Amino acid sequence: MIEVKHISKDFVSAKKYPGLKGAIKGLFSNEKIVKRAVEDISFNIADGEIVGYIGSNGAGKSTTIKMMTGILNPTSGECLVNGVNPSKNRKQNAQNIGVVFGQRTQLWWDLPLSESFTILKEIYKVSDEEYQERMEFLNRVLELEKFFTSPVRTLSLGQRMRADLGAALLHNPKVLYLDEPTIGLDLVVKDNIREAIREINQKYNTTVILTTHDIGDIEELCSRIIIIDEGKKIYDGSLAALKEEYGTVRTVTMEVKSIEKLQEVNLAKEFDVAPKQCRVELDREKNTCQVVFDKHKVQVPQILSRIMEVTEVKDVQIQETELAEIVKAIYRHENGEAVL
């Protein structure tokens, strides 16, 4: 459905100089500054996939999305959406895509929501039969009928996001771009939006590109993620593979009978690993022993066996590295390794 082939994007601006003299100098200077926002990115997205496209602020996510929607022309490389070049065939591409920006709206602010939908119906040349069928589905999954006759300016944030999502889907696009679709929403509305996106994907086989900083959105909806950093693609694969490759830290918390007996236990030395690869924390008030370790160096049965040799274990909890922590580590340029 989407082919991105070695696209790059440069932004050229005039060089600025400080002070009054600098301002005058700038009038006569031809010196330019070139900033590369996206550098040699390639990927393919299949029909019906839901893909998370994530990165830190300024990483180049929005620039890539704008090239995929046809708003920007790539400096080099090529992008095809359903076989169409978005920047060269903008009208044809617009029929194939729907776009939702969490902080912007495509609806008419002072018109009732119903009028906005009627205008979009005419713009996209949706037949009366298709419109009726689509609205029945959208009303069911997004519950639009509760505020369908209200002016857009009177809608709450959650209602407006549902309305924007419905508007983007009115012409049944093959590709749906979602930029922060759950920003600022409460937990209940977030769950409703996520469920609606999932059902839309299953019913119409819509390809979804999700850009978000909410890791919950990624975990709930996406089976594949693409991570971009400083304009370059640094990861493209499944969530499970990401956790396996970068989520090396695991935590075992044990409630024990006698915490004092564990004071002299040095697991890192006994397992012949670096101290940061197997760290023990004792909580005397709760009688708990927490071991934070690298799962590629030490195994859970080894830890449990050694602790049980010293004292009785009443309860055990095992926790994997959270996806949010892995992504934060990647953003901090720590090679995806959580710090022990």
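Keep in mind it's a predicted model, so treat the numbers as computed, not measured.
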Partner set under ring pair (Phe, Tyr, Trp, His ring centres under 6.0 Å) for Phe11, not counting sequence neighbours: none
Pairwise ring-ring contact (aromatic ring centres under 6.0 Å, His included) hits with a residue in residues 181-203, at least two apart: none
Residues which pass ring pair (Phe, Tyr, Trp, His ring centres under 6.0 Å) with Phe147, listed by chain and number, not counting sequence neighbours: none
For Lys146, salt bridge (Lys or Arg N to Asp or Glu O under 4.0 Å) partners two or more places apart: Glu143
Pairs where residues 259-270 contributes a residue and the test side-chain hydrogen bond (donor to acceptor under 3.5 Å, both in side chains) is met, not counting sequence neighbours: Glu270-Arg306
Listed once per pair and sorted, the ring-ring contact (aromatic ring centres under 6.0 Å, His included) pairs that draw on residues 176-212, sequence neighbours left out: Phe137-Tyr204
Ring centers of Tyr131, Phe117 separated by less than 6.0 Å: no
Qualifying residues under salt bridge (Lys or Arg N to Asp or Glu O under 4.0 Å), relative to Glu145, sequence neighbours excluded: none
Sequence-distant partners of Ile119, side-chain contact (heavy atoms from CB on, under 4.5 Å), two or more places apart: Trp108, Leu111, Ile123
Residues in ring pair (Phe, Tyr, Trp, His ring centres under 6.0 Å) contact with Tyr124, at least two apart in sequence or another chain: His171
Under the side-chain contact (heavy atoms from CB on, under 4.5 Å) test, residues paired with Thr154 that sit two or more places apart: Ser150, Pro151
Non-neighbouring partners of Lys121 that pass salt bridge (Lys or Arg N to Asp or Glu O under 4.0 Å), sequence neighbours left out: Asp128
Distance-only check: which donor-acceptor pairs under 3.5 Å involve side-chain atoms of residues 49-58, not counting sequence neighbours?
residue, atom, partner, partner atom, Å
Glu49, OE1, Ala46, N, 2.8
Glu49, OE1, Arg224, NH1, 3.1
Tyr53, OH, Thr64, OG1, 3.0
Asn57, OD1, His213, NE2, 3.1

